[in-house]
2 protein chains.
Amino acid sequence: MSQHRHPGAPRRAGAVPALPDLPEATVARLPEYLRALHNLAETGHETVSSEGLANAAGVNSAKLRKDLSQLGSYGTRGVGYDVGLLIDQIEYVLGLTQRRAVALVGVGNLGHALAGYDGFASRGFRIAALFDADQERVGEEINDLVVLHIDELPRVAAEESIAIGVIATPAAAAQRVADQLVAVGVTSILNFAPCVLSVPDGVDVRKVDLAIELQILSFHEHRKASLTALPAAGGSALTALPGGLAVTESQEAIGT
Amino acid sequence: MSQHRHPGAPRRAGAVPALPDLPEATVARLPEYLRALHNLAETGHETVSSEGLANAAGVNSAKLRKDLSQLGSYGTRGVGYDVGLLIDQIEYVLGLTQRRAVALVGVGNLGHALAGYDGFASRGFRIAALFDADQERVGEEINDLVVLHIDELPRVAAEESIAIGVIATPAAAAQRVADQLVAVGVTSILNFAPCVLSVPDGVDVRKVDLAIELQILSFHEHRKASLTALPAAGGSALTALPGGLAVTESQEAIGT
DNA sequence: CGGTGTGAACCTTTTCACAGCA
DNA sequence: TGCTGTGAAAAGGTTCACACCG
């Protein structure tokens with residue numbers, strides 16, 4: 001329950017403070033709040049209301065307040081939240097007080113872009129090493145990092161204390177890479193390959209699949225088209241297969 | 001309720017077959033099922049059980065069955081689902097029976113990679129045009145497409161019937177680009193810029209923020225570290241700061 | 001008075017467990 | 001017998017509305 005706390009009761013030793021298990025949904029939104037807060041800080045705001053921050057983060061204020069209350073955060077009634085303090089709190093909870101080392105595997109089209117993406121560096125991470133299995137790519141330099149052969153992974157992972165791996169290989173190679181990452185102690189993986197990875201308990205995987213995002217949008221397009229089309233038309237029967245599947249693949253609705 | 005349809009009860013007019021509003025959670029998983037089904041088809045499977053498909057897609061079988069039943073899909077009891085049929089159904093529902101034209105705006109580091117990503121082409125989309133506001137980049141050729149100046153957007157959007165836009169610009173430019181896209185009739189946007197976009201009702205936006213994904217993983221790393229650290233320590237009260245926030249920013253747990 | 005923190009209601013999603021069909 | 005389809009229960013998330021504090 002109460003994450004509440006009274007100042008003046010500092011914790012001891014290597015102690016890690018209550019990292020109460022926040023709801024996943026909340027965790028997923030904290031980074032968004034953090035980004036919004038950094039913007040506010042840069043524009044000189046010292047304090048912000050739940051309403052203001054909610055707008056900046058694209059959520060509603062009730063949700064935001066509930067999320068922040070999970071961290072035991074203190075706002076000031078009648079005033080709002082202290083921007084700087086909240087940044088510290090969220091960064092602490094997200095474990096961003098240390099700059100985490102990340103290994104990126106697969107320096108093809110997408111991997112190349114990721115290696116050069118400065119958003120990682122500016123938001124708490126350090127790409128510590130780049131790997132590829134293709135000798136053609138080994139030795140290439142990207143952003144001051146030389147691409148290493150994947151066989152170097154064990155050595156480098158140890159040297160750099162790498163706990164997070166990013167997979168940007170083709171799908172066919174992804175599971176093997178995941179196994180290699182896990183073998184060297186990586187416990188969090190961000191997977192850009194379009195495939196399901198299986199990993200042991202205790203290892204977290206998040207997946208980003210660009211085509212899937214578009215397909216979800218496509219569904220909504222399809223839906224919108226069908227809605228606008230319905231009212232209009234007088235036309236022929238194109239329809240209703242069992243299961244709601246059209247036989248005639250039809251040209252998307254009408255209107256557009 | 002029943003999305004069910006009985007054969008022989010054809011629907012009328014410009015009718016688009018049942019595109020009942022599926023739960024968002026289901027919509028978000030359909031593309032994953034589709035990918036898994038394509039894999040199965042390629043490896044010669046003609047039929048698959050809910051258990052089998054669920055494994056391939058990384059979900060549990062109850063969820064999968066419920067999802068598919070939403071589409072009114074027919075499996076065969078005691079047998080499973082027909083792979084080819086299910087592919088057609090899902091592609092239909094997702095609106096992938098037509099190859100949708102996509103405009104990509106922002107051909108920097110990330111945009112460049114997206115322009116070259118063949119996953120879009122192979123999974124139902126056609127990148128129809130590339131835009132950038134920087135004259136330096138206009139004229140560059142990527143994958144047989146020439147980068148156009150953003151001012152050309154209105155003309156090209158009309159010519160190519162573009163309904164989906166991808167924003168891969170810096171955050172500062174993203175809202176303006178979104179406005180421009182909306183102005184030319186785009187109703188779905190995939191946003192890679194780390195910012196919130198505001199768009200009119202009826203326009204769908206999905207966001208992909210690479211740093212956020214890492215930050216979510218970072219939270220779990222932090223959490224795991226704190227858990228493994230706890231048991232170890234003998235003693236001291238490590239705990240419960242008010243608000244669960246450490247005053248002392250402490251050095252991440254111990255281990256690592 | 002303004003705005004946070006939060007119980008309670010509501011809705012969505014997941015999971016369970018089994019009836020019923022091939 | 002095997003596996004789908006689905007009610008019903010459980011869990012998780014969101015929204016409401018307001019008590020309470022600065």
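Sequence lines set the chain letters: A, B, ... in the order given, protein chains first and strands last, and positions in each chain run from 1.
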Query raised in the report: Rounded to the nearest Å, what distance is computed from the CG atom of residue B:Leu53 to the C1' atom of nucleotide D:dC3?
Result: 14 Å

**Report entry** Selected nucleotide, minimal atom distance to A:Glu24 side chain, candidates C:dT14, D:dG13, D:dT6
**Finding:** D:dG13

Requested in this report: Rounded to the nearest angstrom, tell me the gap between atom CG in A:Asp21 and atom P in D:dA11.
Outcome: 15 Å

Report task. Could you state the atom-to-atom distance from CD of B:Glu51 to P of C:dT15 in whole Å? Result -> 13 Å

Report task. Ignoring backbone atoms, test whether A:Lys66 places a side-chain nitrogen or oxygen under 4.0 Å from the OP1 or OP2 oxygen of D:dT14. Result -> no

Report summary line: Residues passing the salt bridge (charged side-chain N to carboxylate O under 4.0 Å, His left out) test with B:Asp204, sequence neighbours excluded, are A:Lys224

Query raised in the report: In whole angstrom, what separates B:Asp82's CG from C:dA22's P?
Result: 16 Å

Report task. Specify the separation, in whole Å, of atom CG of A:Asn60 and atom C1' of C:dG3. Result -> 15 Å

Query raised in the report: Can B:Phe125 and B:Ile164 be said to form a side-chain contact (heavy atoms from CB on, under 4.5 Å), step by step?
Result: CA-CA 10 Å; B:Phe125 302 91; B:Ile164 300 181; 4.1 Å; yes

Requested in this report: Kindly say if B:Arg65 contacts the phosphate of D:dG7, meaning a side-chain N or O under 4.0 Å from OP1 or OP2.
Outcome: no

Query raised in the report: Do any side-chain nitrogens or oxygens of A:Arg77 fall under 4.0 Å of OP1 or OP2 in D:dC18?
Result: no

Query - Along DNA chain D (nearest heavy atom to each residue), the more 5'-positioned of A:Thr76 and B:Tyr81 - result: B:Tyr81

**Report entry** Under-4.0 Å side-chain N/O to phosphate OP1/OP2 contact, B:Ser50 with D:dT4
**Finding:** yes

**Report entry** Heavy-atom side-chain proximity of B:Tyr33 to B:Val59 below 4.5 angstrom
**Finding:** yes

